[in-house]
Amino acid sequence: MLSTVIAVPGTAFVIVMYMSLVETILKGSKVAAGVLAVQSLAATVTVSLIFWLRFRRDRQIGLLITLVAAAAIWLWGQHLWEAISSTVLPHYEGLKPAERAQAVGQYRLAVVQACAAAGGVIALLYTARNYRLIRHGQVTDRLSKALERLESQEEFVRLGGVIALQQIIHDAPAQAEHVTHIVRTFIRRQAPKAAQSTPRGLQATASGLLLPQGRTPSGPEKPAADVQAALTALNTRHAKLHSYRIDLSGYHLAGAHMFRQDLARAQLSGAVLTDAVLARAALGRASLEECDLRHAVLSRSDLQQATLRGAKLSGAHLVSTDLTDADLTGVTAEEEPVHLDKSYLEQARLNNAVLRNASLIGAKLRHADLTNADLTGADLTGADLRRARGLTVDQLLAAGSIEKARLDPTLHAACRRNAPGTEPAAGGPVGQELQP
């Protein structure tokens with residue numbers, strides 16, 4: 001139905017644009033040139049609309065297409081009729097009987113050819129309709145078999161089912177929304193729930209054995225193969241349109257590989273993501289409260305306006321990560337330093353954050369809230385701390401390095417007074433650009 005509705009005004013588009021182009025070239029008509037320009041613009045908008053509709057199935061689509069078709073008929077209907085009437089309808093005035101008979105014969109032949117062409121178009125549309133129905137049936141059959149595999153007790157069988165769902169998402173974008181929902185439900189059913197985590201390092205178990213560093217008795221080190229495949233399926237092109245705001249709160253996904261994953265507005269509160277790979281992931285406005293991100297890789301990720309209150313960041317890598325306006329209230333990185341080199345932390349909330357020995361080399365912390373933040377031993381080399389809220393001289397003196405840090409003039413002067421033994425010249429340990 002969609003192809004039929006689009007094909008009719010599309011054909012009219014091509015015919016009218018062709019006639020306008022011929023008139024422009026042969027007669028040099030400025031009016032025809034203007035009409036051609038408007039038609040070209042309208043054709044561009046229509047093609048863009050078709051590509052947009054390719055991934056949308058809203059209720060307003062039918063009304064929108066109807067309005068576009070009505071506008072096309074209103075704008076170009078008269079031109080189209082003139083073109084057809086001047087080239088198809090016969091004119092018998094002034095013709096001799098023999099010439100008149102020949103013209104009638106040619107007209108009848110043209111009518112027959114037009115009817116044949118119309119029949120061919122109808123047959124083509126009918127064939128296309130049957131093809132879509134057959135393909136829809138095939139997709140339904142493939143989906144049923146994939147769902148049967150997901151119910152298996154064998155992991156490799158479930159893995160095959162997930163791969164089949166991923167292929168359906170690729171082959172049938174119209175079904176991507178429903179299949180994506182199935183994949184998300186599968187992850188929540190198969191992934192273990194997060195238990196109370198324990199600190200990294202050598203940990204004693206109930207039997208008295210020591211676990212190697214990086215292991216915890218609360219869950220597996222990495223997701224099962226079928227769960228990891230499901231996470232990968234959510235990262236495909238068509239699935240990304242429907243995988244936002246996923247809810248994985250409280251699940252154990254340690255070691256998950258989610259490179260470039262689209263997790264915007266995702267609910268990940270209380271999730272265990274230790275050693276997870278989230279580099280270049282989209283986590284804007286995601287909820288990561290109390291999330292265990294120890295040793296996770298989030299370098300170059302988008303965490304704008306994300307909520308990380310109380311998250312564990314020991315050993316995490318957030319190099320060049322965008323944390324603009326993120327909430328990091330009460331985050332902890334006590335066991336191993338967190339890496340925040342060259343990260344964007346403008347207007348981020350870091351009050352009561354524990355960032356001992358953290359690496360903040362070249363980090364952008366303008367307007368960030370550092371009230372009561374523990375920066376003991378932190379490397380603030382080259383960090384931009386201008387207009388940081390709640391930042392005190394004691395915090396700066398407790399830091400491991402503030403060489404070339406950019407501070408407000410008052411803090412700069414106070415550091416020089418309180419640390420006379422390390423008073424720098426221009427470009428020294430606390431040398432910086434003083435202008436805001």
Closest heavy-atom contact between A239 and I169? N-CG2, 3.8 Å

If you look at every heavy atom in L360 and A383, which pair is closest and at what distance? O-CB, 3.7 Å

Pairs touching residues 368-382 that satisfy side-chain hydrogen bond (donor to acceptor under 3.5 Å, both in side chains), sequence neighbours left out: R356-D374, D369-T371, D374-T376, D379-T381, T381-S401

Side-chain heavy-atom pair F186, V162 within 4.5 angstrom cut-off: yes

Do the side chains of L273 and D292 get nearer than 4.5 Å, heavy atoms only? no

Backbone N/O of L143 and side chain of D141: donor-acceptor pair under 3.5 Å: no

Please determine whether the number of non-hydrogen atoms from other residues, nucleotides or ligands lying under 6.0 Å from atom OH of Y344 exceeds 12. no

S359 side chain to D341 main-chain N or O, any donor-acceptor pair under 3.5 Å? no

Main-chain N/O of A233 paired with T236 side-chain donor or acceptor, under 3.5 Å: yes

Output all residues satisfying side chain to side chain donor-acceptor pair (under 3.5 Å) with T392, sequence neighbours left out; order by chain, then residue number. Q395

Report yes if some heavy atom in the side chain of R237 is under 4.5 Å from a heavy atom in the side chain of H170; otherwise report no. no

Interatomic distance, R309 atom CZ to N351 atom CG [nearest 0.5 angstrom]: 10.0 Å

Run the numbers on T185 and H181 for side-chain contact (heavy atoms from CB on, under 4.5 Å), then give the verdict. CA-CA 6 Å; T185 304; H181 177 70; 3.9 Å; yes

Find out whether L234 and T180 are in side-chain contact, i.e. whether some heavy atom of one side chain is under 4.5 Å from a heavy atom of the other. yes

E403 side chain to G382 backbone, donor-acceptor under 3.5 Å: no

Can L253 and V227 be said to form a side-chain contact (heavy atoms from CB on, under 4.5 Å), step by step? CA-CA 9 Å; L253 295 169; V227 175; 4.2 Å; yes

Straight-line distance of L165 CG to K145 NZ, nearest 0.5 Å: 14.0 Å

Which pairs of donor and acceptor atoms, one on a side chain in residues 255-269, lie under 3.5 Å apart (sequence neighbours left out)?
unit_1	atom_1	unit_2	atom_2	d
Q261	NE2	L231	O	2.9
D262	OD1	A264	N	3.4
S269	OG	S287	OG	2.7

Taking only residues two or more places apart in sequence, or in another chain, which ones meet Q347 in a side chain to side chain donor-acceptor pair (under 3.5 Å)? none

Are there more than 12 heavy atoms of other residues, nucleotides or ligands under 6.0 Å from atom NZ of K342? no

L323/L308 under side-chain contact (heavy atoms from CB on, under 4.5 Å): CA gap, chis, key distance, verdict: CA-CA 10 Å; L323 288 151; L308 293 96; 4.3 Å; yes

Would you call L370 and L385 a side-chain contact if the rule is heavy atoms closer than 4.5 Å? yes

What I want to find out is whether R142 reaches D171 closely enough, with some N-O distance under 4.0 Å, to be called a salt bridge. yes

Kindly compute the distance separating CG (L283) from CG (L303), expressed to the nearest 0.5 Å. 5.0 Å

Please check this pair: side chain of D302 against backbone of Q304, looking for a donor-acceptor N/O pair closer than 3.5 Å. yes

Side-chain donor/acceptor of H317 to backbone N/O of H295, under 3.5 Å: no

Ignoring hydrogens, what is the shortest heavy-atom contact between L355 and A378? Give both atom names and the distance. O-CB, 3.9 Å

Pairwise distance CZ(R285) to CZ(R245) - rounded to 0.5 angstrom: 9.0 Å

Is the NZ atom of K222 crowded by more than 12 outside heavy atoms at less than 6.0 Å? no

Looking at residues at least two apart in the chain, or sitting in another chain, which of them share a side chain to side chain donor-acceptor pair (under 3.5 Å) with T332? none

When every non-hydrogen atom of K364 is compared with those of E346, the smallest separation belongs to CB-OE2, 3.1 Å

Taking atom CD1 of I163 and atom CD of Q166, what is their separation to the nearest 0.5 Å? 7.5 Å

For R300 and R280, indicate whether the former's side chain and the latter's backbone hold a donor-acceptor pair under 3.5 Å. no

Identify whether the distance between the nearest side-chain nitrogen and carboxylate oxygen of K312 and E334 falls below 4.0 Å. no

Would you kindly say whether D325 and Q305 are connected by a side-chain donor-acceptor distance under 3.5 Å? no

Okay, side chain of D408, backbone of T410: is any donor-acceptor separation there less than 3.5 Å? no

Once rounded to the nearest 0.5 Å, what's the spacing between atom OG1 of T307 and atom CG of L328? 9.5 Å

Taking all non-hydrogen atoms of both residues, which atom of P223 and which atom of A254 are closest, and how far apart? CD-O, 3.2 Å

Identify the two heavy atoms, one from G270 and one from A194, that lie closest to each other, and give their separation to 0.1 Å. O-CB, 3.8 Å

My understanding is that only residues two or more places apart in sequence, or in another chain, count here; which of them pass side chain to side chain donor-acceptor pair (under 3.5 Å) with N235? none

Show your reasoning for whether side-chain contact (heavy atoms from CB on, under 4.5 Å) applies to I168 and V139. CA-CA 7 Å; I168 291 172; V139 171; 4.0 Å; yes

